[in-house]
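Data first, discussion second: the structure below is written as structure tokens.
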Amino acid sequence: MSELIAEFVSWLGYLERGSVQLQLLLLAAVLLSLRLRWTRRWLLKWPRAVSPLLGSVVALLLSLGLQARGSPAGLLQFLGLSWLGWTLLNLLRRPLLRWLPAQRVDQLFSRIIRPLYLWLAVLALINQLDSTQDLAVIGMGELFGIELTIGKIAKSMLVIYGLLVASGPPAAALAWLLQRLIGISDGSRKALEIILSYTVVGLGITAVCFRLGLNSTALLAIAGGLSVGLGFGIKEVFSNFISGIWLLFEGSVRPGEVLMLDGDSCEVRKLGLRATLLWRDRDNAELLIPNQTFFTEAAISYTSSDRMRRSQVTVGAAYHHDPVIVIALLEATALQVARVLQEPAPKALLLSYGDFAINYALRFWIANPMDNVAICSEVNQAIWQAFQEQQIEIPFPQLVEYAMTWPPEARKPNLKQPAS
Amino acid sequence: MGIQSVALMAADQRNRASEPLHRGHLQRPLSWLLALVGTLTAGFSLGGCAELRRELPVVVYVAVGLHEGHRINRDTAVSFASHIRQLVHEFGKLHPNVLVQTALYPEAELREQIRRRNRSGLGPDLILTSADLANEFLQQGLVAAMPLDQEERDQIDPGLLHQVLDAQGRQTGQPLVLFTQLACFDRRRVTQPPTTLKQLLAQTATGTRVGLSLELGSLLWTAGSLGGLSGLSAAARGLQPSLEQKQGIVDWMHWLQDANNQQRVTFFNDQASLRDRLAAGSLDWISCESSDLNGLWRSMGSHLGISTLPDGEGQRAAPLSNLRVLALGRNSSRHQRAMAIALARYTLKPLVQRSLTLDNRSFLPVNRYVNVPVRSSQVLATMVAARQQGESSEPLLSWFHLHDPGVKQLEAVLVPLVFGVIEPEAATEAALRLLRKQP
């Protein structure tokens with residue numbers, strides 16, 4: 001590590017050179033001038049697509065000026081071009097939004113394009129200052145007798161990052177192909193996609209370890225060490241990871257499933273390494289639930305074997321209405337609501353004799369569990385309309401309010417007043 | 001040692017593995033960082049204060065070209081850093097505020113790397129490379145002429161000094177060390193190294209496995225042994241070789257083809273393959289460079305034997321010497337330039353040259369006042385013999401520059417010749433045509 005720091009420190013020696021100072025000062029001047037108020041006002045006059053480019057273009061023009069007078073200008077040119085490239089990259093985002101959803105574009109930029117660009121730019125800058133091949137062989141320590149160099153570590157990390165980021169689309173394509181061939185459900189396809197992705201990442205990490213020179217004994221030793229570490233330090237993370245894998249294989253919690261959580265139905269959006277992402281329709285909230293929650297606690301699923309849900313609304317009718325008529329009316333009403341399934345047929349029941357009304361329940365089936373609340377609302381509205389048309393009263397308790405005095409006997413007029 | 005460049009400095013090989021590596025001789029990076037930032041900042045703001053400026057640390061950037069066949073790897077870097085550390089440690093006693101930062105490049109990429117770094121003002125202050133490349137670099141304006149006074153010139157072997165003089169009399173670089181071409185063999189398999197090509201082929205018949213490289217630079221010594229060199233040299237100068245000279249070239253070509261027909265003679269694409277195979281025990285005798293010796297010693301230990309390359313019947317072999325020189329960069333600040341020149345001059349001092357030679361034992365000094373102890377070191381004695389062996393052919397080899405595109409074209413003629421695709425006479429005509437086309 002000290003070698004690496006020494007190398008970075010030695011680069012400061014370039015600052016002694018007048019030509020380097022001049023290039024950096026010019027770049028700093030461009031950057032500072034962009035912060036000035038009048039410059040910002042002036043930039044507002046330019047088209048929005050052009051104004052971000054001006055700083056880098058000015059830096060490049062200055063570098064050309066330096067070059068024309070025979071001074072070294074490559075550093076300023078390089079920094080100007082890198083700046084220009086970065087700005088153009090950001091401008092590229094807008095046209096991409098026409099082709100891809102915003103979330104995809106954001107992922108593409110934040111996970112692949114920008115990190116890749118930065119990586120290449122930093123490498124190119126180091127190549128100006130030093131020999132990257134030489135830097136790559138700087139030692140960073142030993143692991144099981146294998147000397148780890150910066151080059152090896154950087155390459156390994158790059159490969160692993162690439163696998164994590166890029167294994168998704170091929171895994172999705174393969175899962176889609178298998179779905180077409182075998183005819184599995186969408187949920188199974190998504191589960192398969194994640195399992196394939198994990199498999200690719202796992203194999204990739206193993207391959208990287210072998211490429212570094214670790215043999216199977218070393219890998220087993222690492223696994224042993226990790227198991228101790230996992231036992232103490234990150235057991236929760238590991239527990240969540242294993243739970244996630246288990247749930248995928250079990251198929252109980254897969255993307256697309258609908259689960260009940262605290263009385264709300266939620267749709268599984270993504271089964272991650274540590275947590276499951278659920279979407280709650282009620283308030284459009286996204287909930288991150290640790291995987292082991294599903295592993296250790298009971299969960300209610302509406303989509304385990306099919307996606308139908310039996311729903312229920314309750315209503316009260318006055319005592320003077322014949323229950324047979326009310327039940328028939330309720331069942332007929334439910335059938336008229338569009339999103340209530342005809343089969344299995346709705347079923348109305350007399351639940352109990354209440355204080356002021358006979359209580360009925362109307363049970364019906366719906367196709368999408370996530371629509372439960374909305375359909376219940378529609379059914380309730382339809383019942384109100386039907387009762388109105390059939391003059392069936394929905395009674396409600398009435399409250400009579402009167403003033404009280406204390407003691408109440410003092411207000412009774414027929415009571416004789418005691419003799420004094 | 002696996003690299004020419006490493007010639008820079010000698011190393012105590014036994015201590016290398018245990019020494020921590022500090023590139024660029026920066027022992028306490030964080031304190032240096034603070035010192036550098038502080039002093040540079042102060043230096044910029046008090047630019048006129050000469051006294052303060054004298055105390056500032058000066059970083060001297062050294063770009064090192066690694067000869068083809070030598071890879072940049074951990075061993076090379078560790079070995080090289082060890083040499084630099086040793087040199088700078090001594091130099092630092094005279095100039096305590098100097099830091100040396102080295103960057104290793106494959107020699108094939110050196111030109112482009114220096115060009116690019118120069119364009120940015122980030123070019124190296126010193127470039128350690130071959131004499132050929134230093135000449136090219138000065139011609140292309142990539143380096144500055146090295147100012148050498150008469151006293152320093154007098155110290156350098158005149159033949160070597162001449163190699164780094166351009167047509168205008170400018171010194172393209174300062175000679176540092178000289179690598180020689182040798183024969184390396186496994187003592188367990190070759191008890192008596194061959195002194196002639198005839199003996200070499202005879203030994204292959206008794207089981208010695210011989211490796212030769214198809215790279216022209218590694219193979220040209222055979223042209224000396226077989227009398228083909230004067231003809232090649234004449235053609236390279238644009239002259240028509242005499243019939244006798246031409247016959248010498250044809251004989252050389254015949255020998256190459258015949259050699260490949262021997263069961264135990266194998267041609268390889270590059271010198272690195274020969275070195276690796278000798279170290280691995282799959283070859284018994286190869287032509288090698290003295291820059292390979294340290295690497296081979298590490299692998300083979302006392303089983304490694306070296307000798308001069310086999311002569312011919314009446315003609316001497318023409319081993320190529322590889323002169324490593326220090327050239328001056330173009331982007332240095334005044335202080336960096338002064339320190340770079342001081343460092344270069346320091347390496348020329350007889351005591352330093354002798355110390356480097358004795359510690360390293362893979363190159364010869366360029367200072368003619370340094371007595372090489374040939375009696376106490378068989379290795380150095382062999383290198384001196386190889387140098388003498390090649391001296392007579394040096395004028396004939398002056399046309400040969402490893403980095404000329406023509407060299408690749410000539411190699412492209414040798415490959416089909418060796419594998420019997422074209423006849424020696426046709427190959428001779430093709431080689432002469434190519435040589436005459438050379439500028």
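A note on names: the letters A, B, ... follow the listed sequences, proteins ahead of strands, and every chain is numbered from 1. Owing to the predicted nature of the structure, the values given are computational and were not obtained by experimental measurement.
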Legend entry - Neighbour count >12 (heavy atoms, 6.0 Å) for atom CZ, A:Arg114: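 Enclosed: over 12 neighbouring heavy atoms sit under 6.0 Å from CZ of A:Arg114.
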Legend entry - Heavy-atom neighbours of A:Asp106 CG exceed 12 at 6.0 Å: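 Buried by this count: over 12 neighbours within 6.0 Å.
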Does any non-hydrogen side-chain atom of [Y] lie less than 4.5 Å from one of [X]?
X	Y	result
B:Arg119	A:Pro72	no
B:Val59	A:Glu16	no
A:Gln23	B:Leu122	no

Inset, instruction - Tell me, out of B:Gln113, B:Arg330, B:Glu109, B:Gln336, who's got the most heavy-atom pairs with chain A below 4.5 Å. - result: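 Of the options given, most contacts go to B:Gln336.
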Can you tell me how far apart [atom1] ([X]) and [atom2] ([Y]) are? Round to the nearest 0.5 Å.
X	Y	atom1	atom2	result
A:Gln133	B:Leu104	CD	CG	9.0 Å
A:Leu75	B:Arg116	CG	CZ	12.0 Å
A:Tyr14	B:Ser333	OH	OG	12.0 Å
B:Arg334	A:Arg17	CZ	CZ	14.5 Å

Inset, instruction - Grab the two heavy atoms, one from A:Leu129 and one from B:Arg117, that are nearest each other, plus how far apart they are. - result: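 Shortest heavy-atom contact: O-NH2, 3.5 Å.
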Legend entry - Considering all heavy atoms, the nearest B:Gly121-A:Ser19 contact: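 That closest heavy-atom pairing would be CA-OG, 3.9 Å.
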Inset, instruction - Check whether A:Gln128 gets within reach of chain B through its side chain, its backbone, both or neither, counting any heavy atom under 4.5 Å. - result: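 Interface part for A:Gln128: both.
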Inset, instruction - Under 4.5 Å heavy-atom distance to chain A, tell me which part of B:Asn331 shows up: side chain, backbone, both or neither. - result: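 Its backbone and side chain both get close to chain A.
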